[in-house]
Structures are given as C-alpha cells and as structure tokens.
Amino acid sequence: SAEYIQNNPLYINIWEFQPDIVQSTVDAFNAAYGENVILQVLPGDYVTTELNKILAGSPINMVYSQSELVKFFKAGFITPLDDLWGIDEIKAATLPVQWEAQTYDG
C-alpha cells in the first residue's frame, strides 16, 4: 500500500562520485514503481562508513559493491544476487566485466 511504502523507504548508500546521476535514476524508479527510495551519499571512506552504519543498525537495503565489500559478505551483512528476481534479464543488460569484477569465491 502507499502508506506502507511511505513508512518503509528503501535506503541506498553510495559514495560521492556523481551522485546526481544516481539520484536521477532513483527518481525515475520512484516515479515508475511508486516506491520511496532514499539515496544517502557517504563521503570519505565509504567502506568504513558503511560498515559503521550496518553495525549501528541503520536501515540499509542496498549498497554499492566494490572489492572491499568481501568483508561484508564474509560477515553475513550482504548476500549474493544469485536468486534475485529478474537476475537473468539484469545480467543480459549489464557488461560481463561487471559480474566478473564483483564475483567472489565463484
């Protein structure tokens, strides 16, 4: 329901590189699907800031992935996208190098 969406936003944390581009995509997603995504830009040491937010119990639904996030995976803070709805379509629309760069331990 609209009330649930308003009261339960999705949080996406990103580092500070060109957040306006990401925000425009978030705005389009919100408009198309009636969602309430909140973009949070984390300046400075992204991985440490993200880890501190997770440990503090901050609401986080999505994080940008980069090589340092292996420690997040090992700690059980993030999960692979293998069973994500529409993953085959997503993979088909993404450069293979993206998946190769983000693969850990197979």
Query raised in the report: What's the spacing between Asp45 CG and Trp15 CH2 if we round to 0.5 Å?
Result: 12.5 Å

Query raised in the report: Same cluster or not: are Phe29 and Tyr4 linked, directly or through other Ile, Leu, Val, Met, Phe, Trp or Tyr residues, by side-chain heavy atoms under 4.5 angstrom apart?
Result: no

Work out which heavy atom in [X] is nearest to a heavy atom in [Y]; give both atom names and the distance.
{"X": "Pro19", "Y": "Val41", "answer": "CB-CG2, 3.6 Å"}
{"X": "Gln6", "Y": "Asn36", "answer": "O-ND2, 3.2 Å"}
{"X": "Phe77", "Y": "Leu55", "answer": "CZ-CD2, 3.6 Å"}

Query raised in the report: For Glu16, does the CD atom sit with more than 12 other heavy atoms under 6.0 Å from it, leaving out its own atoms?
Result: yes

With a 4.5 Å cut-off on side-chain heavy atoms, are [Y] and [X] touching?
{"X": "Thr49", "Y": "Val47", "result": "no"}
{"X": "Lys53", "Y": "Leu42", "result": "yes"}
{"X": "Ile14", "Y": "Leu39", "result": "yes"}
{"X": "Ile38", "Y": "Leu10", "result": "no"}
{"X": "Pro9", "Y": "Val37", "result": "no"}
{"X": "Asp20", "Y": "Gln18", "result": "yes"}
{"X": "Asp83", "Y": "Ile87", "result": "no"}

Requested in this report: For Ser24 and Ile21, indicate whether the former's side chain and the latter's backbone hold a donor-acceptor pair under 3.5 Å.
Outcome: yes

Report task. Would you confirm whether Tyr46, through its side chain, and Asn13, through its main-chain N or O, come within 3.5 Å as a donor-acceptor pair? Result -> yes

**Report entry** Pair Asn30-Glu35, side chain to side chain donor-acceptor pair (under 3.5 Å): steps then yes or no
**Finding:** CA-CA 5 Å; Asn30 283 338; Glu35 286 290 348; over 6 Å; no

